[in-house]
2 protein chains.
Amino acid sequence: MVNIPDAWYNILADLDFALPPDVQPDLPAGDRAGGIDPQVPLSLVRQEMSREPWVPIPAEVRERYAQWRDTPLRRATNLERALGTRSRIYFKYEGGNLTGSHKLNTAVAQAYYYRKAGATRLAVATGAGQWGTAVAAACQMFGLECHVYMVRSSMTGKPYRRTMMELLGAQVTASPSDRTGVGRRFLAAGDHGGTLSVALAEAVEETRTPGTRFCAGSGETYSLLHQTVIGLEARAQLAERDVWPDVVVAGLGAGSNFGGLAFPFLGSALRGERAVRCLSVEPAACPKLTRGRYAYDYTDSSERTALQKMYTLGHRFTPPAMHAGGLRYHATAKVVSALYDRGLIEAAAYQQREIFSSATLFTRCEGIVPAPESAHAVHGAVVEAARADERGEPATILFALSGHGIFDMGAYRSYLDGEIADDIVPDAAIAASLAHLPTQPVSSDV
Amino acid sequence: MVNIPDAWYNILADLDFALPPDVQPDLPAGDRAGGIDPQVPLSLVRQEMSREPWVPIPAEVRERYAQWRDTPLRRATNLERALGTRSRIYFKYEGGNLTGSHKLNTAVAQAYYYRKAGATRLAVATGAGQWGTAVAAACQMFGLECHVYMVRSSMTGKPYRRTMMELLGAQVTASPSDRTGVGRRFLAAGDHGGTLSVALAEAVEETRTPGTRFCAGSGETYSLLHQTVIGLEARAQLAERDVWPDVVVAGLGAGSNFGGLAFPFLGSALRGERAVRCLSVEPAACPKLTRGRYAYDYTDSSERTALQKMYTLGHRFTPPAMHAGGLRYHATAKVVSALYDRGLIEAAAYQQREIFSSATLFTRCEGIVPAPESAHAVHGAVVEAARADERGEPATILFALSGHGIFDMGAYRSYLDGEIADDIVPDAAIAASLAHLPTQPVSSDV
């Protein structure tokens, strides 16, 4: 395991400012969902708050990482040739594990910490199934039971995802279900298709069962921390080739993929060691950094969570239909938001058609089909290469290929058939959503 | 590329006997399909005949191999723990490329040689789509056009495979089609669902188009040669850990997966360097080695091909329904057959239910879902470990995990639902099929 880092990197240690604290919404106390869920193990709460630069990766977690890590760092020479660029394009590929994406990095860590804190069972919610699959795999590793509430319409449309989770020993329940009060209410109201929001509420309700904890993980600061294993590996792999990137590019949803690759590089820059640009790429259909507002907002549509200061399109924002389901979140992680607010990272938004065009070229050149989410980074890298060439200063580009798209042939089919439409969000839609931002917070949570 | 071999290993060099020559069937000359197809490039014909121990891998092919090789060699420590075995179980994983299996190793080599021989376009036939995807990817690499005839019933049932091939730039036609005489005959007769046999005939007919060649590749001696990159890497990776296997286990279809992993080890044994057992695992539903006959037979059901001496169940044999479609071939490669006939390799046949049971345990332990074909090797390794423990002599076992099964959730679903049946072939069915073996060949092809 010499090539797997022995500690995660905590970017908070290299910031000369503190993150704005979470605050309680202006609600009667009984209606509040709390800041950091009190059920979250203390070990994870400490990671969320820590300013120590390095958090040791437990030996049991590293041992499991070794099932698929270190992951490949490759140069896309065929893509470079096809583009005719003089820039160098590298990518870090996280799709080579069972669950097909980077999400397993934090799922394994979380399952470990929950187990250590005495949990015997994790309840999670999943839409298309990626997070559910990752947690199911992680629970299997540490002898935890796993109960997944899967949005019923997804379960019908993607039955293989359910099978995969069951193969990994998880119990899978279609949501809304009659197992929970929330579920029964929605069923009684005639809603059988479900949404992620309902599935989340059911999984949270499930924690009334002794030993059961709810587990979520893509925008929390500790999720970003766990994902830095990606960037740390990439930095070491590039160093072996005497390479340092001019720009690091990653798709941006809730933030863990972007933070995972970019933070270790950005940390070097913040410490004044080496300069680097960090570019996040978001869909034009969900442009939280490029067109959102830096403000306190709810983290989900229940309007019961603590408020976090984030770049947000408003918690009621509904993006147009798009294939990169993982990038539909209305906001992004508070760490990423703070960095963007201070000009320490960059953001770009692109449209689906151009993104799939770059992804298709990449597939033909490099033999990996990018997930639609990851395709954003592919396109970002392609654009960066072209701009560098135009400037007459070929660049060294590193991007995050966070997952494979072999389960996304439907999206590629639409692209090949010319059926992918423009997806620019009208200004009015964003303004309408931002009008529902909560009013000034009343109390600090810290 | 230091870890990718620079030459393939040719086991013919270490045999103290010659393979029985192919012979022409007892047909009017105009009806014969020929021995080695005259369209096959001379470079491949030479590889088929060579007795040189090493065949250099062209630099262009190695460069493409580097897109996904070397492939992981891992110890299945969690599986060992779950089994409670004192044996050590290693596996070599070939599923980490776009096409999801080892087939790309020979597709890349063949595309290279066909291109060098002046072909501009390859026509291939595919059932479920694996071989078509591999050749499509390989054609894309070397600037060849690719035309895939895909069995229509598969194309309807597995639309994502078609999309994948088109994404790789291939033209995909449902077979039977109206593009060929053969296809039109079947369509006129009311057969629209198709079979691999018809698709093969259409692809062969397509070679009347100038520049177009037909390309097949799983049982040819040169395919087995190209696959030895697997075993050569595995041998080097084990040597780094000071490990030599007592037994090498691989699933057996037409032979290229088994030969690819086993031959480099077997070669060492044949040269008297280190002892090793090589165990092939076949489905009880298609038991060509364990219950077939070593005899001259046609290589497909057209009864027009040259005759090869192989272990065969008869070219009219139809195995019961099973999930490992890649292991349904009625016979196996002539090299593998000759080795078995001389007692140089071993064979075992297992049933689907026990195979899926081992594969499910493996998934939960090691985080990779085996393809149903590869699951045969998983089960073979599990049985070998148990036997070694019983003997009180823990063994070191290496098996071939030739591909992933994430497209095979339907098969696993059946297993989880207890719907996988026994699949022992009755003696009478084999006897009936063997009764149709061709009569004594009349002339040598060599």
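Since this is a predicted model, take the numbers as computed values, not measurements. By convention in this document, chain letters (A, B, ...) are assigned in the order of the sequence lines, proteins followed by strands, and residues within each chain are numbered from 1.
- For chain A, the nearby parts of R364(B) are the backbone and the side chain; heavy atoms of each come within less than 4.5 Å.
- Proximity to chain B (any heavy atom under 4.5 Å) is shown, for R413(A), by both the backbone and the side chain.
- Atoms CZ and CZ, on R241(A) and R88(A) in that order, are 10.0 Å from each other to the nearest 0.5 Å.
- Judged purely by distance below 3.5 Å, without hydrogens or angles, the side chains of S101(A) and S402(A) never pair a donor atom with an acceptor atom.
- Residues Q227(B) and K103(B) have side chains that never bring a donor and an acceptor to within less than 3.5 angstrom of each other.
- Ring geometry for F407(B) versus F407(A): interplanar angle over 60°, hence perpendicular rather than tilted (30 to 60°).
- Ranking N97(B), I406(B), T360(B) against chain A, the residue ahead of the rest is I406(B), based on heavy-atom pairs under 4.5 Å.
- D408(A) does not touch chain B: none of its heavy atoms, backbone or side chain, sits under 4.5 Å away.
- Side chains of Q237(A) and N3(A): no donor on one and acceptor on the other come within 3.5 Å.
- Taking chain A as the reference chain and counting heavy-atom pairs below 4.5 Å, the highest number among L416(B), V369(B), L98(B) is found for L98(B).
- Using a 4.5 Å cut-off between heavy atoms, I368(A) contacts chain B through its backbone alone, with no side-chain atom that close.
- Looking only at heavy-atom pairs under 4.5 Å with chain A, the residue among Y415(B), Y93(B), Y160(B) that has the most is Y160(B).
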(message) Please determine whether side chain to side chain contact (heavy atoms under 4.5 Å, CB included) holds for the pair Q171(B) and E145(B), giving the CA-CA distance in whole Å, both sets of side-chain angles, and the decisive distance to 0.1 Å.
(response) CA-CA 8 Å; Q171(B) 179 187 357; E145(B) 290 176 46; 5.8 Å; no
